[in-house]
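Just follow the structure's listing: the first ligand is 1, and inside any ligand the first atom is 1. The figures here come from the full heavy-atom set of this structure, side chains too, leaving out hydrogens, waters and symmetry mates. Quick caveat, the model's predicted, so the values are computed rather than measured.
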Amino acid sequence: MFARLAVATVALLLVPVVPASAAGPLKDRTNRYVGSAVAAQPLNSEADYRSVLTREFDSVTPENEMKWAVVEPNRGQFNWSGADAIVNYARQNGKSVRGHTLVWHSQYPGWLNNLGSSELRSVVQQHINTEMGRYRGRIRAWDVVNEMFNEDGSRRQSIFQQRMGDNYVADAFRWARAADPSAKLYINDYNTEGVNAKSNALYNLVRTLKQQGVPIDGVGIQTHLSIQYGFPTSMRQNLERLAALGVDIAITEADVRIPLPADSTKLNTQANYYKQVWDACHAVSRCVEFTTWGFTDRHSWVPGTFPGEGAACLFDTNLRPKPAYTRINP
Ligand code: G3I
């Protein structure tokens with residue numbers, strides 16, 4: 001009897017403690033979309049990755065699979081395998097899709113560099129038509145223009161800016177509306193969480209676009225944060241002023257990186273950051289989506305880009321929930 005009790009006690013102790021389960025899956029804690037960036041490779045090959053994704057989230061954003069360099073590495077040669085896999089997963093599992101991204105200075109194919117102004121213009125329109133057309137009706141929201149500002153609020157001198165001029169942004173949105181009238185069209189950027197020079201520029205541009213009748217529906221706030229820097233405490237105020245322009249807001253790429261090694265103090269600080277992002281979104285009725293840039297430290301872009309930093313996601317490398325997962329609650 002005692003032996004059996006002892007065995008039962010040991011067994012109980014061995015069961016991983018998942019305190020968050022009391023609150024239920026993330027997607028059931030809110031009426032916002034709760035999303036994650038996903039990569040087709042682990043989606044297709046790691047059963048535990050797929051099952052946590054399916055359990056916790058109701059929206060997915062392809063991390064790289066819809067970027068121009070991936071879908072059309074050579075002119076006229078298309079590779080839709082990763083994007084198709086994610087969109088099909090979403091359809092089969094009742095998930096919403098955020099398309100990412102159409103016009104971006106990074107991860108575009110090299111052959112664009114050889115094009116003059118008018119050819120680039122028609123190629124960008126064609127790209128938007130082709131990609132949005134392929135998934136017409138199956139993408140809830142698209143990041144149409146991504147990361148177009150410098151930190152000081154000036155326009156980034158991308159090939160699109162340099163060769164197509166200031167109007168490339170309005171043009172891209174008009175082409176996007178025509179390509180899939182059912183998709184919400186977003187401008188998306190990073191370091192625009194709080195009120196600062198860059199978010200001022202974003203605010204001013206969105207206001208102008210709205211005044212001009214350009215079909216823009218939303219602003220994506222990427223929210224790549226680090227506990228090394230203070231939390232952008234004016235985030236709620238910034239989301240409120242943007243929403244007041246008559247657009248939706250989405251948290252599109254949230255993660256909170258940590259100088260390694262992580263410890264419980266750092267993980268608690270991280271949890272506080274995630275919670276503040278979650279709360280800022282929920283304080284603004286037009287903030288419709290809370291998406292994280294990946295959900296597991298097993299597959300995060302952070303260590304590759306910021307050596308010595310990592311552990312930025314809600315789940316650890318073994319897909320165990322971290323303190324931040326528990327903290328983000330209504
Ligand atoms: O697919 C190739 C592979 O064929 C090649 O062998 C390998 C060698 O380096 O590279 C692979 O491509 C990598 C790609 O991720 C897919 O894994 C690229 O090198 C690598 O640069 C790329 O990084 C992505 C990055 O965007 C590119 O700028 C990250 O995964 C992705 O998380 C990151 O996402 C961005 C958002 O799109 C926009 N906002 C910022 C965010 C984080 O940087």
Tell me whether the centres of the aromatic rings in [X] and [Y] are closer together than 6.0 Å.
{"X": "His224", "Y": "Trp301", "value": "yes"}
{"X": "Tyr135", "Y": "Trp142", "value": "no"}
{"X": "Trp175", "Y": "His127", "value": "no"}
{"X": "Tyr325", "Y": "Tyr274", "value": "no"}
{"X": "Phe57", "Y": "Phe295", "value": "yes"}
{"X": "His105", "Y": "Phe160", "value": "no"}

Checking a contact table here: which protein heavy atom is nearest [atom], and how many Å away?
{"atom": "atom 36 (C) of ligand 1", "value": "His100 NE2, 3.4 Å"}
{"atom": "atom 24 (C) of ligand 1", "value": "Asn64 OD1, 3.3 Å"}
{"atom": "atom 38 (C) of ligand 1", "value": "Glu147 OE2, 3.2 Å"}

So the atoms of ligand 1 within less than 4.0 Å of a heavy atom of Trp301 turn out to be 32 (O), 42 (C), 43 (O)
Can you list the atoms of ligand 1 that are under 4.0 Å from a heavy atom of Ser106? 28 (O)
For ligand 1 and Trp293, I'd like to know whether there is a polar contact (N/O to N/O, distance under 3.5 Å). yes
Donor-acceptor contact below 3.5 Å, side chain Thr223 vs main chain Ile221: yes
Once you restrict to heavy atoms under 4.0 Å, what part of Tyr190 touches ligand 1? Side chain, backbone, both or neither. neither
Where's the contact between Val70 and ligand 1, heavy-atom distance under 4.0 Å: side chain, backbone, both or neither? neither
Joint hydrophobic cluster, Val144 plus Val123, side-chain heavy atoms closer than 4.5 Å: yes
Side-chain heavy atoms under 4.5 angstrom apart, residues restricted to Ile, Leu, Val, Met, Phe, Trp, Tyr: same cluster for Leu120 and Val145? yes
Is there at least one protein heavy-atom neighbour under 4.0 Å from [atom]?
{"atom": "atom 21 (O) of ligand 1", "result": "no"}
{"atom": "atom 28 (O) of ligand 1", "result": "yes"}
{"atom": "atom 7 (C) of ligand 1", "result": "no"}
{"atom": "atom 16 (C) of ligand 1", "result": "yes"}
{"atom": "atom 13 (C) of ligand 1", "result": "no"}
{"atom": "atom 3 (C) of ligand 1", "result": "no"}
{"atom": "atom 43 (O) of ligand 1", "result": "yes"}

After noting the C-alpha distance and the side-chain angles of Ser59 and Arg140, does the key distance pass the side chain to side chain donor-acceptor pair (under 3.5 Å) rule? CA-CA 9 Å; Ser59 176; Arg140 168 177 50 87; 2.9 Å; yes
Closest to [atom] (judged by heavy-atom distance), picking from [options]:
{"atom": "atom 25 (C) of ligand 1", "options": "Gln107, His299, His224", "result": "Gln107"}
{"atom": "atom 33 (C) of ligand 1", "options": "Met66, Gln41, Lys67, Glu253", "result": "Lys67"}
{"atom": "atom 31 (C) of ligand 1", "options": "Glu63, His105, Glu65", "result": "Glu63"}

Side chains of Arg75 and Leu115, heavy atoms from C-beta outward: is any pair under 4.5 Å? yes
Thr101 to ligand 1, any heavy atom closer than 4.0 Å: no
Determine whether Asn150 and Ser154 satisfy the following criterion, side chain to side chain donor-acceptor pair (under 3.5 Å), listing intermediate values before the conclusion. CA-CA 5 Å; Asn150 295 315; Ser154 60; 3.0 Å; yes
